[in-house]
Novice: 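Below is a structure I'd like to ask you about.
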Amino acid sequence: MSDIGDWFRSIPFVTRYWFAASVAVPLIGKLGLINFRNLLLFPELVFSRFHLWRPVTATLYFPVTPSTGFLYLVNLYFLYQYSSRLETGVFDGRPADYIFMLFFNWICIVITGLLMNMQLLMIPLIMSVLYVWAQFNKDTIVSFWFGTRFKAHYLPWVILGFNFIIGGSFVDELTGNLVGHLYFFLMFKYPVDLGGRSFLSTPEFLYRFFPNRRGGVSGFGVPPTRRPAAQEHAGAGGGGGGRHNWGQGFRLGDD
């Protein structure tokens with residue numbers, strides 16, 4: 001148990017609480033402590049009865065059954081791996097900026113869910129984070145099942161097909177990818193690469209609650225400075241140096 005506790009405490013701050021909530025809420029629904037229908041997103045109940053908790057619980061809840069358990073575990077793995085990598089990589093020392101990214105993606109996904117009557121939002125938010133990680137590491141070679149290798153730039157779309165095959169919704173994964181693309185385009189691509197106006201910036205009150213560490217600069221006036229290659233490789237490799245089958249990144253020639 002102490003090993004599990006040490007591992008849990010080693011997870012980056014924001015990812016730790018997101019991961020824990022994504023385990024606790026489905027468990028509560030599975031045990032019947034709360035009727036699982038009270039955790040889903042129903043637009044008519046949000047607007048007519050002011051069930052304002054539903055956009056939050058719908059992001060954290062996933063129905064765990066014999067037919068969906070594997071899909072849930074796979075996406076929980078993606079949450080842990082790629083949220084941890086972003087939080088300790090390009091967002092290292094800047095929790096406010098990372099929280100703002102999650103909040104922006106979540107708002108976009110909730111709006112989409114309300115318009116398209118999507119009852120579960122866990123997978124779209126996880127996929128949006130994975131998409132952003134892939135954009136920052138697009139030239140990293142990743143390995144997938146059966147030894148297939150490709151650039152991380154294609155990883156979100158490969159996983160879209162993979163999740164669809166094992167029982168996911170094409171709409172969920174596509175929504176996550178599009179929202180992740182919207183964040184990356186508005187925050188980095190358009191203002192920096194294309195010289196356009198900056199539409200997004202982290203609110204100052206978030207810096208007061210979650211101040212930068214290690215001398216980081218508030219806001220995203222320019223893309224985060226890329227770390228040395230050795231550190232990037234260490235960040236992309238996951239915990240413990242182990243290699244996994246699902247999107248584990250490594251650079252060719254480092255083996």
Novice: Going through the checks in order, is the side chain to side chain contact (heavy atoms under 4.5 Å, CB included) test met by Val14 and Phe210?
Specialist: CA-CA 11 Å; Val14 178; Phe210 305 98; over 6 Å; no
Novice: In chain order, what residues pass the ring-ring contact (aromatic ring centres under 6.0 Å, His included) check against Tyr61, with sequence neighbours excluded?
Specialist: none
Novice: First locate atom CZ of Phe91, then atom CZ of Phe136, and finally report the distance between them rounded to the nearest 0.5 Å.
Specialist: 5.5 Å
Novice: Return the CZ to CG distance between Arg54 and Leu41, rounded to the nearest 0.5 Å.
Specialist: 8.0 Å
Novice: Are Ile107 and Phe103 side-chain neighbours, meaning at least one heavy-atom pair lies under 4.5 Å?
Specialist: yes
Novice: Name the one of Trp133, Tyr98, Trp18 that satisfies side chain to side chain donor-acceptor pair (under 3.5 Å) with Ser83?
Specialist: Tyr98
Novice: Taking all atoms of both residues into account, what is the closest heavy-atom pair of Leu160 and Asn177, and its distance?
Specialist: CD1-ND2, 3.8 Å
Novice: Please examine the side chains of Met101 and Leu86, heavy atoms only from C-beta on, and report whether any two atoms are closer than 4.5 Å.
Specialist: yes
Novice: Give every residue pair that meets the ring pair (Phe, Tyr, Trp, His ring centres under 6.0 Å) criterion with at least one member in residues 31-52, sequence neighbours excluded.
Specialist: His51-Trp53
Novice: So, for Ala21 and Pro26, which heavy atoms are closest and what is the spacing to 0.1 Å?
Specialist: O-CD, 3.9 Å
Novice: Is it the case that more than 12 heavy atoms not belonging to Phe199 sit under 6.0 Å from its CZ atom?
Specialist: yes
Novice: Looking at Leu52 and Pro55, what are the two nearest heavy atoms and their distance?
Specialist: O-CD, 3.3 Å
Novice: In Å, rounded to the nearest 0.5 Å, how long is the span from CG of Leu155 to CD1 of Ile141?
Specialist: 11.5 Å
Novice: Are any non-hydrogen side-chain atoms of Asn75 and Leu71 less than 4.5 angstrom apart?
Specialist: yes
Novice: Check salt bridge (charged side-chain N to carboxylate O under 4.0 Å, His left out) between Lys138 and all other residues, then give those that pass, not counting sequence neighbours.
Specialist: none
Novice: Run the numbers on Asp172 and Phe164 for side chain to side chain contact (heavy atoms under 4.5 Å, CB included), then give the verdict.
Specialist: CA-CA 9 Å; Asp172 288 344; Phe164 180 71; over 6 Å; no
Novice: Between Arg208 and Phe205, is NZ or CZ placed under 6.0 angstrom from the six-membered ring centre and within 45° of the ring axis?
Specialist: no
Novice: Gln135 side chain to Phe184 main-chain N or O, any donor-acceptor pair under 3.5 Å?
Specialist: no
Novice: Check residues 28-35 and write down every donor-acceptor pair under 3.5 Å in which the side-chain atom is one partner and the other belongs to a residue at least two apart or another chain.
Specialist:
{"from": "Lys30", "atom 1": "NZ", "to": "Val64", "atom 2": "O", "distance (Å)": "3.0"}
{"from": "Asn35", "atom 1": "OD1", "to": "Arg37", "atom 2": "N", "distance (Å)": "2.9"}

Novice: Just to verify, what does Phe185 make a ring-ring contact (aromatic ring centres under 6.0 Å, His included) with, not counting sequence neighbours?
Specialist: Tyr190
Novice: So which atom in Leu76 and which in Ser22 form the shortest heavy-atom distance, rounded to 0.1 Å?
Specialist: CD1-CB, 3.9 Å
Novice: For the atom pair CH2 (Trp106) and CD1 (Ile99), what is the distance rounded to the nearest 0.5 Å?
Specialist: 13.5 Å
Novice: Using 0.5 Å steps for rounding, measure from the CG atom of Leu102 to the OG1 atom of Thr15.
Specialist: 7.5 Å
Novice: Which of parallel (below 30°), tilted (30 to 60°) and perpendicular (above 60°) describes Trp157 and Tyr131?
Specialist: perpendicular
Novice: Of the non-hydrogen atoms in Met127 and Ile159, which two are nearest, and what is the gap between them?
Specialist: SD-CG2, 3.8 Å
Novice: List the residues meeting ring-ring contact (aromatic ring centres under 6.0 Å, His included) with His153, not counting sequence neighbours, and say none if there are none.
Specialist: none
Novice: Is the backbone of Ser143 close enough, under 3.5 Å, to the side chain of Arg149 for a donor and an acceptor to pair up by distance?
Specialist: no
Novice: Restricting to ring-ring contact (aromatic ring centres under 6.0 Å, His included), what partner residues turn up for Phe13, sequence neighbours left out?
Specialist: Tyr17
Novice: Nearest 0.5 Å please: distance from the CZ atom of Phe78 over to the CG atom of Leu130.
Specialist: 6.5 Å
Novice: Tell me, please, which residues at least two apart from Arg9 pass salt bridge (charged side-chain N to carboxylate O under 4.0 Å, His left out).
Specialist: Asp6
Novice: Thr68: which residues meet the side chain to side chain contact (heavy atoms under 4.5 Å, CB included) condition with it, sequence neighbours left out?
Specialist: Phe62, Thr65
Novice: Partners of Thr148 by side chain to side chain contact (heavy atoms under 4.5 Å, CB included), sequence neighbours excluded?
Specialist: Phe144, Phe150
Novice: Donor-acceptor pairs are to be reported for all side-chain atoms of residues 111-124 against protein atoms at under 3.5 Å, with residues two or more places apart or in another chain.
Specialist:
{"from": "Thr112", "atom 1": "OG1", "to": "Cys108", "atom 2": "O", "distance (Å)": "2.9"}

Novice: Within a strict 4.5 Å, meaning less than it, do heavy atoms of the Arg213 and Pro95 side chains meet?
Specialist: yes
Novice: In chain order, what residues pass the salt bridge (charged side-chain N to carboxylate O under 4.0 Å, His left out) check against Lys189, with sequence neighbours excluded?
Specialist: Asp193
